[in-house]
Amino acid sequence: MTVSASGIQIARVAIVGGTGALGLGLATALGRAGCEIVIASRSAERACHTADELAKSIPDGRFEGVANAEAGMHADVVIVSVPFAGHAEIVRAMAAGLQPGQLVIDTTVPLAPAVGGKATRVLGVWQGSAAQQTAELLPPGVHLVAALHTVSAALLARPEPLAQDVLVCGDTKAAKGRATELLERIPGVRCVDCGRLEQSRITEQITALLIGINIRYKTHAGLRITGLQAS
Ligand SMILES: NC(=O)c1ccc[n+]([C@@H]2O[C@H](COP(=O)([O-])OP(=O)(O)OC[C@H]3O[C@@H](n4cnc5c(N)ncnc54)[C@H](OP(=O)(O)O)[C@@H]3O)[C@@H](O)[C@H]2O)c1
């Protein structure tokens, strides 16, 4: 975390899978919100190319590109946004570069296309969820939350406020608080504490439901939880 001349804390956020749809949407939204963005990819060259393209579209932003294994060396927070097919291998590759105290936000959904199935179906994961698989692979002292499963990549990339809730699961209030502080920098985002990391078994599945709604209604559906105090 660095501090700008105006005294505002600037988060450095690495996005593993930052060359993909959700990663690019998050890089755009968080970059516009003043975060320094590190795009991580299986190919450092592809990451640098994406970072250069982002810098062209957001001239005030700060973007760089690195290989996945280096993601944690360059950031306070690492967002994992990859298809489930590559998830375990990629988390293993980046885990070696993580330090105690860093925060990982996992957005991964175990959608069935990972094994040739439909995007409206979710695979069973032995650990319970993709995020719980991540928990097994991270070094001790690295904090983890699961979030962003219900947010559309296409809407994140647009300049309009998102007007959606982001469901956040994690085993400590501190980690969920850090994730909330970061994600609520995106205009129109309200984070909702959904309980322990094991609840990601439910929140990951909602993506498949929304994909079906998107297909039927030709839209980018999202969630608003009612009955909470407005923020
Ligand atoms: N798209 C959405 O609106 C959305 C919304 C909520 C949640 N999610 C979840 O977020 C994750 C990322 O979704 P996405 O739509 O951004 O996916 P995507 O565009 O297909 O892939 C994201 C990036 O993951 C990397 N990757 C690593 N292993 C891969 C593999 N085996 N096959 C393909 N790409 C691989 C690729 O980057 P490099 O080749 O540069 O390494 C790719 O650019 C998924 O788990 C998805 O379910 C997506």
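For ligands, and for the atoms within them, numbers begin at 1 and follow the listed sequence. Reckoned from all heavy atoms, side chains included, excluding hydrogens, waters and symmetry mates.
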Looking only at heavy atoms, is any part of S152 under 4.0 Å from ligand 1, and if so is it the side chain, the backbone, or both, or is it neither?
backbone
L22 versus ligand 1: do any nitrogen or oxygen atoms come within less than 3.5 Å of each other?
yes
Output the list of atoms in ligand 1 that are nearer than 4.0 Å to some heavy atom of L148, sorted by atom number.
6 (C)
Run the salt-bridge test on K56 and E53 with the 4.0 Å N-O cut-off and return the result as yes or no.
yes
Residues, nucleotides or ligands: over 12 heavy atoms within 6.0 Å of R46 CZ:
yes
Would you check whether A85 has a nitrogen or oxygen atom less than 3.5 angstrom from a nitrogen or oxygen atom of ligand 1?
no
Distance only, no hydrogens: is a donor on one side chain within 3.5 Å (strictly under) of an acceptor on the other, for H49 and T19?
no
Can you list the ligand 1 atoms lying under 4.0 Å from a non-hydrogen atom of T108?
45 (O)
Could you check if a side-chain atom of M73 sits within less than 4.5 angstrom of a side-chain atom of E70, using non-hydrogen atoms only?
yes
Which part of T150 is near ligand 1, with near meaning a heavy atom under 4.0 Å away: side chain, backbone, both or neither?
neither
Identity and separation of the nearest protein heavy atom to atom 15 (O) of ligand 1
A21 CB, 3.6 Å
Please report the closest heavy-atom contact between R158 and R32, naming both atoms and the distance.
O-NH1, 3.3 Å
Nearest-neighbour protein heavy atom for atom 46 (C) of ligand 1, which is reported as residue plus atom name and distance:
V109 N, 4.3 Å
Side chain proximity check, L162 to P187, heavy atoms < 4.5 angstrom:
no
Closest protein heavy atom to atom 29 (C) of ligand 1, given as residue, atom name and distance to 0.1 Å
R42 NH1, 3.3 Å
Ligand 1 contact on H149 by region, counting heavy-atom pairs under 4.0 Å
backbone
Proximal ligand 1 atoms for T107, defined as those under 4.0 Å from one of its heavy atoms:
7 (C), 9 (C), 10 (O)
With heavy-atom distances below 4.0 Å as the criterion, list the atoms of ligand 1 near V151.
3 (O), 5 (C), 6 (C)
I need the nearest protein heavy-atom contact for atom 44 (C) of ligand 1: residue, atom name and distance, please.
V82 O, 3.3 Å
Side chains of R185 and C35, heavy atoms from C-beta outward: is any pair under 4.5 Å?
yes
Out of L182, L183, L30, which residue meets the side-chain contact (heavy atoms from CB on, under 4.5 Å) rule with V77?
L182
Quick note on ligand 1: atoms under 4.0 Å from a heavy atom of L111 include exactly 47 (O)
What protein heavy atom lies closest to atom 28 (N) of ligand 1? Include the residue and the distance to one decimal.
I90 CD1, 3.3 Å
Min over P83, S43, A40 of heavy-atom distance to atom 24 (O) of ligand 1 lands on P83
Quick one: do D171 and K176 make a salt bridge, cutoff under 4.0 Å?
no
What do you reckon, does F84 have a nitrogen or oxygen under 3.5 Å from a nitrogen or oxygen of ligand 1?
no
Polar side chain donor-acceptor pair, T219 to N214, under 3.5 angstrom
no
Do any nitrogen or oxygen atoms of G17 lie less than 3.5 angstrom from nitrogen or oxygen atoms of ligand 1?
no
Lys/Arg N to Asp/Glu carboxylate O, R12 vs D76, below 4.0 Å:
no
Search all heavy atoms of F84 against all heavy atoms of V109 and return the closest pair with its distance.
CB-O, 3.7 Å
Atoms in ligand 1 with a heavy atom of T19 nearer than 4.0 Å
36 (C), 37 (O), 38 (P), 40 (O), 42 (C), 43 (O)
Side-chain donor or acceptor of N68 paired with backbone N/O of S41 under 3.5 Å
yes
Polar-atom distance check: S41 versus ligand 1, any N or O pair below 3.5 Å?
yes
Considering both backbone and side-chain atoms of A153, is one of its nitrogen or oxygen atoms within less than 3.5 Å of a nitrogen or oxygen in ligand 1?
yes
